[in-house]
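Atoms considered below: every heavy atom in the structure, side chains included; atoms not considered: hydrogens, waters and symmetry mates. The chains referred to below are lettered A, B, ... by the order of the sequence lines, with proteins before strands, and numbering in each begins at 1. Predicted, not measured: the structure shown is a model, and the values here were computed from it.
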Amino acid sequence: MDIRLHNTLTGRKDTFTPLRPDRVTMYVCGPTVYDYVHIGNGRPAVVFDVLFRLLRAKYGDVRYARNITDVDDKINAAAKEAQQPISTLTDRFAAAYEEDVHALGALEPTVEPRATHHIAEMIAMIERLIADGHAYAADGHVLFHVPSDPGYGVLSKRSLEDMLDGARVEVAPYKRDPKDFVLWKPSTPDLPGWDSPWGRGRPGWHTECSAMITKHLGDTIDIHGGGSDLAFPHHENELAQGRHLSDGEYVRFWLHNGMLTMGSEKMSKSLGNIVTIRELRAQYSGEVLRYALLSGQYRQALTWSEDLLKQSQASLDRLYQALLESPVGNVTDPSAFKSASIDEFPEAVLIPLCDDLNTPGALAAMHGIATDIHRANDPARARLLRDQLLASGWLLGILNEDPEAHFRAGAKVDPSEIEGLIVERKAARARKDFARADAIRDELLARGIELEDTRDGTRWKVRDT
RNA sequence: GGCUGGGUGGCAGAGUGGUCAUGCCCGCGACUGCAACUCGCGUUACAUCGGUUCGAUUCCGUUCCCAGCCUCCA
């Protein structure tokens with residue numbers, strides 16, 4: 001089955017084929033680590049994790065790099081405020097980020113490169129750009145000369161004329177052209193810096209990605225992902241550098257995820273309307289957050305709300321309910337499919353996923369499987385469907401918990417006490433003392449425990465009231 | 001203003017030129033001692049006005065509205 005992906009460069013869905021048939025290379029822009037990340041930062045981590053899983057199933061070898069930006073003026077400001085070295089701050093928040101996205105079910109990327117570990121590569125890259133006439137040193141800075149790149153603007157679909165020169169930013173006097181962007185800038189003694197041919201300084205934002213891509217993935221990569229707010233200027237600038245460094249194609253498929261909004265406005269730290277993954281994790285499981293993120297197609301804006309989380313939780317519970325009520329088949333959890341090839345996954349789920357990562361469509365197909373499980377009166381068929389549901393769970397990165405444990409997490413009543421009451425209620429029902437039986441059930445419900453009678457006996461779940 | 005992308009049933013959110021998305025919520029029915037779980041059912045949902053068509057929510061154009069980017073940003 002072909003995988004079709006929307007390529008920002010062409011503006012349409014194109015059939016994906018890797019440059020090398022046996023290997024896929026993918027780079028995704030990660031966060032700048034100067035604080036806890038918000039859930040909007042989690043969207044690319046989760047979305048491209050699904051793509052990573054899908055590509056692994058189809059091609060086997062996928063080299064996936066997700067970077068950490070650990071040198072940046074906001075970091076400098078935060079470190080100064082906290083009176084800490086920047087590395088103390090960035091180590092702390094990089095670790096927090098990894099924890100957060102791990103909780104969201106993201107697999108570890110092949111590499112998670114950090115900007116500060118690639119200063120030498122960046123300097124070498126800048127020297128090449130200068131030698132090739134695309135960059136120049138001025139006043140301690142090195143700038144990329146945008147007019148030297150005739151392709152500039154093809155990614156974000158804007159012409160040089162469209163960009164009003166210096167309309168919103170004062171143009172630095174050392175720039176030959178207002179659109180020129182910084183590859184390297186000087187550092188004062190109180191700022192982090194590295195020795196370079198242009199004096200002690202630090203890299204500009206766009207420099208790191210190109211250097212790390214070249215080092216870890218090669219001159220030409222298959223996929224570059226990130227938030228749509230990065231398309232311009234970040235990715236446009238990266239592409240300007242990259243196309244000259246790779247003498248040809250820099251990135252074959254540019255993928256951009258849409259923004260999360262709070263109400264109708266973009267979730268953004270500068271707007272102050274963020275909610276951190278850390279805060280959300282205190283109230284919801286990582287899987288619920290992941291389900292919520294995948295409930296919309298990745299290119300579309302997604303409105304983040306309490307209601308979305310409630311609906312996601314209920315929807316996820318329905319899938320777990322199907323697992324709970326069906327006989328265990330050949331496998332017990334989705335990780336059994338981590339090395340499975342693409343034809344081992346249900347087609348109904350693959351079809352939407354292969355169509356530009358239509359995760360809502362894939363989740364709908366999973367609900368279809370869940371319904372089929374409940375309808376199946378043949379245990380063999382139910383087992384087969386259960387395995388299919390778990391296989392789908394691997395691709396989407398959900399259903400990793402034991403179903404029973406899923407429904408019992410956070411119980412505030414001792415399980416042995418619950419079991420005792422269930423036995424007592426069973427006896428009451430046997431002697432037709434329904435008043436007593438119902439009293440036990442009501443009492444437990446008031447304490448957050450719900451009973452369900454099945455043909456195999458009574459089971460209990462946590463039920464928030 | 002320029003460039004992108006949107007406006008679908010109470011809510012979320014796919015998709016399609018002519019049967020059905022899906023989930024949540026709500027109601028009714030079945031199951032149950034009663035519930036819960038589960039299953040079944042729920043009238044013209046596709047911003048607006050035109051056009052193409054035997055037929056458009058889906059294609060083309062108009063109008064209105066919304067968001068993102070154009071500055072750091074996932």
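R459(A) has a carboxylate O that lies under 4.0 Å from a charged side-chain N of E452(A), or vice versa, which qualifies the two as a salt bridge.
Contacts of S156(A) with the nucleic acid, taken as non-hydrogen atoms under 4.0 Å apart, involve only primed sugar atoms and P, OP1 or OP2. Base contact: L260(A) has a heavy atom under 4.0 Å from a base atom. Among the heavy atoms of the strands, none lies under 4.0 Å from M366(A). At the heavy-atom level, D438(A) lies under 4.0 Å from base atoms of the strands shown. Among the heavy atoms of the strands, none lies under 4.0 Å from K310(A). Residue contacts for Q313(A): at a heavy-atom cut-off of 4.0 Å it reaches no nucleic acid atom on any strand shown. Within the nucleic acid shown, H256(A) has no heavy atom closer than 4.0 Å to any nucleic acid atom. In this structure, D453(A) reaches the bases: a heavy-atom distance under 4.0 Å links it to at least one base atom across the strands shown. L308(A) comes within contact range of the sugar-phosphate backbone alone, with a heavy-atom separation under 4.0 Å but no base atom that close. R299(A) comes within 4.0 angstrom of nothing in the nucleic acid, heavy atoms only. As judged by a 4.0 angstrom heavy-atom cut-off over every strand, R441(A) is placed among the base-contacting residues.
Using the Watson-Crick or G-U wobble rule with both distances under 3.5 Å, rG40(B) pairs with rC28(B). The partner of rU16(B), taking Watson-Crick or G-U wobble pairs whose two distances both stay under 3.5 Å, does not exist in any strand shown. In this structure rG5(B) sits in a base pair with rC66(B), meeting the Watson-Crick or G-U test at under 3.5 Å. In a base pair of the Watson-Crick type (N1 to N3 plus N6-O4 or O6-N4) or a G-U wobble (N1-O2 and O6-N3), with each distance short of 3.5 Å, rG55(B) is matched with no nucleotide. Pairing partner, rU71(B): none, since no Watson-Crick or wobble contact has both distances short of 3.5 Å.
Among L104(A), V50(A), V47(A), the one residue that satisfies the side-chain contact (heavy atoms from CB on, under 4.5 Å) test with L293(A) is L104(A).
Separating the CZ atom of R12(A) from the P atom of rG5(B) is a distance of 13 Å, rounded to the nearest angstrom.
A gap of 10 Å separates the C1' atoms of rC46(B) and rG7(B), to the nearest Å.
Between the D149(A) side chain and the G151(A) main chain, a donor and an acceptor come within less than 3.5 Å of each other.
Side-chain atoms of A314(A) lie closest to rC24(B) of the nucleotides rG68(B), rC24(B), rU38(B).
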